[in-house]
Amino acid sequence: MYMQVESESREKVRWQTDLKNAMVAERKIRIERSKGPEVEKWLAKNYLPKRFLTEIMEKVVEVDLEQNRDVDVEKIQSILPVQLQSYIIVYKEKLEKQGDKIELWLSEKRLPLRLKSEIIEAVVQRPEFEQNGVVVDVNNVLSILPSQLRSYIESYIQNLRQKDEEIGMWLSENELSENFKSEIMETVLVILEEDKEVDVKNILTILPMPLEERIRENMRLLKIDRKMKGADLWLIKNGIPSSKNSDIKEAVRLELNKDADIDVENFLSTVEWIQEFLPFNRLKKVNI
């Protein structure tokens, strides 16, 4: 009888132990299913290697089971072993320095800063990165990028170089100062970052209003200067007395300020008081 009771007691203990282990195993699976994806996202967001996942998840499960406490993944470093914490901190510091180098490279190449995260993400996925840690030669960064990202950056740089040349030509054709180029390129860069095309022939239509107005005013003044030179030639060609030149030129300038597109020669040929100074008309006066 005693042996039977003892046997039943041991069986009960074994059954309770097995049940407890089964419950723990089931709970562990639930934790891994719920927290695993969160930890993976945390690793990806911080550009940390996936090899950390197993060790981190072991600690997450341990805290949940032993302390009956839900782990906040955003504060996950606080529950990790000191050695792993230290490694992650050093790793992130090195990564931040490399990120600064990449950001500087992007700025020098006038590339969108949004590419920084894509480049870092591509770099940390490389086998040598996993083995050696953070090693990025920014001068050769294109050579280690995935083909699609590399092609996009190369195409972007080529397009940017082309727009830079086209804007330089547009400024030259319109006799505008090169000083406008940097301001115009600021707007062009914003548009290119949105993967939109820029029509340099109609560049004024995309510029901020203050810049557009300044350029249009410069173009108007340049047009007036060109037409004033035409007026000088007309005065010489028609033998207008030099004593009358300043009055006539002032009249032309006033008219051009009203409308820079007027035909200067037509204007000079139709204003009566200016016609009086033409040699033929002066001769008629003398004969009379």
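Between atom CH2 of residue Trp42 and atom CG of residue Asp72 there is a gap of 11.5 Å, rounded to the nearest 0.5 Å. Note that the CZ atom of Phe267 and the CD1 atom of Ile248 stand 10.0 Å from one another [nearest 0.5 Å]. Asn238 CG to Leu235 CG: the interatomic distance, rounded to the nearest 0.5 Å, is 8.0 Å. In this structure, CZ in Arg214 is found 11.0 Å from CG in Leu176, a value given to the nearest 0.5 Å. A distance of 11.0 Å separates NZ in Lys227 from CD in Glu265, rounded to the nearest 0.5 Å. In this structure, CG on Leu207 lies 11.5 Å from CD on Glu213, to the nearest 0.5 angstrom.
In this structure a side-chain-to-backbone donor-acceptor pair under 3.5 Å is missing from Ser107 to Glu103. Using modelled atom types, one side-chain atom of Ser34 and one backbone atom of Arg30 make a donor-acceptor pair closer than 3.5 Å. The closest donor-acceptor contact from the side chain of Ser172 to the backbone of Gly168 lies at 3.5 Å or more, if one exists at all. Although no hydrogens or angles enter the test, the distance criterion places no donor-acceptor pair under 3.5 Å between the side chain of Asp164 and the main chain of Leu160.
Side-chain atoms of Ile215 and Ile203, non-hydrogen and from C-beta on, never get closer than 4.5 Å to each other. Side-chain contact check for Lys223 versus Leu256: every heavy-atom pair is 4.5 Å or farther apart. No side-chain heavy atom of Leu80 sits less than 4.5 Å from a side-chain heavy atom of Tyr87. Met219 is listed as a side-chain neighbour of Asn174, based on a closest heavy-atom distance under 4.5 Å. Side-chain contact between Phe52 and Val39 is absent, with no heavy atoms from C-beta onward closer than 4.5 Å. Side-chain atoms of Ile56 and Leu43, non-hydrogen and from C-beta on, do get closer than 4.5 Å to each other. Proximity of Val264 to Trp234: side-chain heavy atoms (C-beta onward) are nowhere separated by under 4.5 Å. Side-chain atoms of Ile167 and Val198, non-hydrogen and from C-beta on, never get closer than 4.5 Å to each other.
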TODO: Applying side chain to side chain contact (heavy atoms under 4.5 Å, CB included), run through Leu204 and Trp170 and close with a yes or a no.
DONE: CA-CA 11 Å; Leu204 290 175; Trp170 182 84; 4.0 Å; yes
Open item on the list: salt bridge (charged side-chain N to carboxylate O under 4.0 Å, His left out), that's the test. Do Glu38 and Lys41 meet it? Break it down for me.
Closed with: CA-CA 5 Å; Glu38 290 184 36; Lys41 287 181 182 179; over 6 Å; no
Task: Test side chain to side chain contact (heavy atoms under 4.5 Å, CB included) applied to Tyr156 and Leu115, step by step - done: CA-CA 11 Å; Tyr156 190 98; Leu115 293 173; 5.9 Å; no
Open item on the list: Run the salt bridge (charged side-chain N to carboxylate O under 4.0 Å, His left out) test on Glu62 and Lys59 for me, step by step, so that the C-alpha distance in whole Å, both residues' side-chain angles and the decisive distance to 0.1 Å come before the verdict.
Closed with: CA-CA 5 Å; Glu62 179 186 319; Lys59 197 62 183 176; 3.1 Å; yes
- [ ] In sequence, state the C-alpha distance, the side-chain angles, and the governing distance for Asp195 and Arg114, and then conclude on salt bridge (charged side-chain N to carboxylate O under 4.0 Å, His left out).
- [x] CA-CA 12 Å; Asp195 290 329; Arg114 59 178 166 78; 3.6 Å; yes
TODO: For Leu48 and Leu95, run side chain to side chain contact (heavy atoms under 4.5 Å, CB included): C-alpha distance rounded to whole Å, both residues' side-chain angles, the deciding distance at 0.1 Å, then the answer.
DONE: CA-CA 9 Å; Leu48 294 168; Leu95 186 61; 5.8 Å; no
Open item on the list: salt bridge (charged side-chain N to carboxylate O under 4.0 Å, His left out), that's the test. Do Lys45 and Glu74 meet it? Break it down for me.
Closed with: CA-CA 11 Å; Lys45 184 174 71 174; Glu74 292 302 318; 2.9 Å; yes
Task: Working for side chain to side chain contact (heavy atoms under 4.5 Å, CB included), residues Lys35 and Val61 - done: CA-CA 9 Å; Lys35 293 297 180 182; Val61 172; over 6 Å; no
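Closest of all the heavy-atom pairs between Ala122 and Leu145 is CB-CD2, 4.0 Å. Smallest separation of non-hydrogen atoms from Leu53 and Gly36: CD1-O, 4.3 Å. When every heavy atom of Val71 is checked against every heavy atom of Ile76, the shortest pair comes out as CG1-CG1, 4.2 Å. Contact between Ile224 and Ala260 at its shortest, heavy atoms only, is CG1-CB, 4.1 Å. Nearest heavy atom pair, residue Lys116 against residue Gly99, reads CE-O, 3.4 Å. Nearest heavy atom pair, residue Thr187 against residue Pro208, reads OG1-CD, 3.3 Å.
Checking Gln158, Glu166, Glu165 one by one against Gln162, the side-chain hydrogen bond (donor to acceptor under 3.5 Å, both in side chains) holds for a single residue, Glu166.
Under a cut-off of 6.0 angstrom, the local environment of CZ in Arg253 is sparse, with at most 12 non-hydrogen atoms contributed by other residues, nucleotides or ligands. Other residues, nucleotides and ligands contribute more than 12 heavy atoms inside 6.0 Å of the CD atom of Glu194. The environment of CE in Met228 is crowded: more than 12 heavy-atom neighbours from other residues, nucleotides or ligands sit within 6.0 Å. Counted within 6.0 Å of NZ on Lys109, heavy atoms from surrounding residues, nucleotides or ligands total 12 or fewer; the atom is thus considered open.
Phe180 pairs by the ring-ring contact (aromatic ring centres under 6.0 Å, His included) definition with nothing, not counting sequence neighbours.
No continuous path of ILVMFWY side-chain contacts below 4.5 Å connects Met169 to Val188, so the two sit in separate hydrophobic clusters. Both Val252 and Ile262 belong to a single network of hydrophobic side chains, linked directly or stepwise wherever heavy atoms of I, L, V, M, F, W or Y lie under 4.5 Å apart. If you chain together hydrophobic residues whose side chains sit under 4.5 Å apart, Ile79 and Ile89 never meet in one group. No path of Ile, Leu, Val, Met, Phe, Trp and Tyr side chains, each step under 4.5 Å between heavy atoms, connects Leu222 with Leu233, placing them in separate hydrophobic clusters. When hydrophobic clusters are built by joining Ile, Leu, Val, Met, Phe, Trp and Tyr residues whose side-chain heavy atoms come closer than 4.5 Å, directly or via intermediates, Leu111 is not grouped with Leu104.
A salt bridge links Glu197 with Lys163: at least one charged nitrogen is closer than 4.0 Å to a carboxylate oxygen. With respect to Glu217 and Arg220, a salt bridge is recorded, a charged nitrogen being found less than 4.0 Å from a carboxylate O.
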